[in-house]
Amino acid sequence: MRKASCRICSELGNPMRVRETLRKSCSHLFCSYCIRQSIQYRNQCPACFAELYDNQLRPERTLDEVIRIFTSVKKKLLKRLQISYAACPGDDPIAPSDEQEHRKEHNQVPVPQSPAPVLLFNSPRKSPATPQVVKHRTVPFMFSPKPSPGSSQKPENVTTGSIKTLPCPVCNVAIPERNINLHLDECLARANGAPPKSQPMNKPSRKPLPKLVLSLMKEKELKQYCKEYGLSTVGEKKALISRIQRYTVLYNSECDSLNPRSKQEIIRQIEKEEFNVTSNTSVKTLFSQVTRKTDPKIIEEVST
Amino acid sequence: MESQNRRLMRDFKRLQEDPPTGVSGAPTDNNIMIWNAVIFGPHDTPFEDGTFKLTVEFTEEYPNKPPTVRFASKMFHPNVYADGGICLDILQNRWSPTYDVSAILTSIQSLLSDPNPNSPANSMAAQLYKENRREYEKRVKACVEQSFID
């Protein structure tokens, strides 16, 4: 997943930005917010220095969806893995790395016959006590083609004893008899629902704001734009410009999101940020507690 | 701003979890915008064994603008100014927001082993580097010894 994260902030699931990953002609990935912010300073790709303009940015919807699914199942998967490791008495509590697995296989260390869930992680070859398994190599759900996120929790049904397997009529994968109905349902559902549901585009997509040459405008015009966007008109010319720029970046990066935040929320965020900068409060004090002696756990908390 | 602080914390975390050889750095006690860093002189160069201290100062515009990096230890190097400022392209016009603190520090470390005498910040050092390598190394060695003291 690291490859899918933004090269600037290296985050995946930050509500403010990373849901959105953008693709451009050199196909480097960034989150919408970061790249729009960067383009304000310089019209080039931060990764390869190729010339780059706003109109070359494209939302990467497929990856967006992958990230969404990944973040939603991540917790569940981790929990499940922990459970299955805890259920293996003879196994290392720590996740066995591939290397360890190989070593075990080569040395032919007799692995104590362990109860069901282990099968997921121990290849059948390793347990010489159960030769039958080799003949009827079962395919747990995890290895059936394209496992859907909800279907990975069946290892306990696969027992190490002799089980009858049947080839699935749809995908031809050998499935333990008792699971065949369940598998068939899923298989058929997959086959029928194969054409991916296209995103319903009923929501009128928001149009990105134009880039204005703010530095050439008079204060009066700037105030007019502020009013139009619903921003506060307080402050000098410089403050007005930075406010409009900030709003444009935030608004446009929200445009790339599937569920963009409302204008009011963006305006509120800008007001809050300005308040923080002027009064030097909350955020700074929170971060200033961190020093090199701080416990890594606290750093983790503060940075998330 | 919050996103920027988050980015700095991430830089710090990466530097701690996956430290490049010969460099280290951390925010100062009361300001995350100012960091202290140490670069160890690379092997097989006259800078070997030196421990050079630096300060890294970030602005509100990081990572879209590069930080200001300065040697706090005395330096004798063709691309380091008398006040400790560093003449390095990635800290000026070749900056990209994809660079983080560990990238900056490793770049400076490699600048120590490969000086560029054609854009000198210290003309004396550049001249000696080109014309009298022995004298250059002698001056650098003096710097290395100085770095143990301060």
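Proteins get letters first, then strands, A, B, ... in listed order; numbering begins at 1 in each.
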Undergrad: Looking only at heavy atoms, which two atoms of A:Q44 and B:W95 are closest? And how far apart?
TA: NE2-O, 4.2 Å

Undergrad: Roughly how far, to the nearest 0.5 Å, is CD of B:E60 from OG of A:S242?
TA: 11.5 Å

Undergrad: Does B:K74 have more than 12 heavy atoms from other residues, nucleotides or ligands lying within 6.0 Å of its NZ?
TA: no

Undergrad: Other residues, nucleotides and ligands only: do more than 12 of their heavy atoms fall within 6.0 Å of NZ on B:K141?
TA: yes

Undergrad: Does atom OH (A:Y225) have a neighbourhood of more than 12 heavy atoms from anything else shown, all under 6.0 Å?
TA: no

Undergrad: Side chain from CB out, backbone as N, CA, C, O: work out which of these in A:Q40 comes under 4.5 Å of a heavy atom of chain B, or both, or neither.
TA: neither

Undergrad: Passes side chain to side chain contact (heavy atoms under 4.5 Å, CB included), A:F49 versus B:R94? Steps please.
TA: CA-CA 9 Å; A:F49 297 98; B:R94 287 289 282 180; 3.6 Å; yes

Undergrad: Tell me, for B:P97 versus chain A, whether the close heavy atoms (under 4.5 Å) come from the side chain, the backbone, both or neither.
TA: both

Undergrad: Any donor-acceptor pair under 3.5 Å linking the side chain of B:R6 with the backbone of A:C9?
TA: no

Undergrad: Got a donor-acceptor contact below 3.5 angstrom from the B:T98 side chain to the A:P46 backbone?
TA: yes

Undergrad: Which pairs count as side chain to side chain donor-acceptor pair (under 3.5 Å) when at least one residue sits in residues 226-238 of chain A, sequence neighbours excluded?
TA: A:S232-A:R243

Undergrad: Measure across A:R42 and B:Q92 and return the closest heavy-atom pair with its distance rounded to 0.1 Å.
TA: NH2-O, 4.2 Å

Undergrad: Considering residues at least two apart in sequence or located in another chain, which fulfil the salt bridge (charged side-chain N to carboxylate O under 4.0 Å, His left out) criterion with B:R70?
TA: B:D83

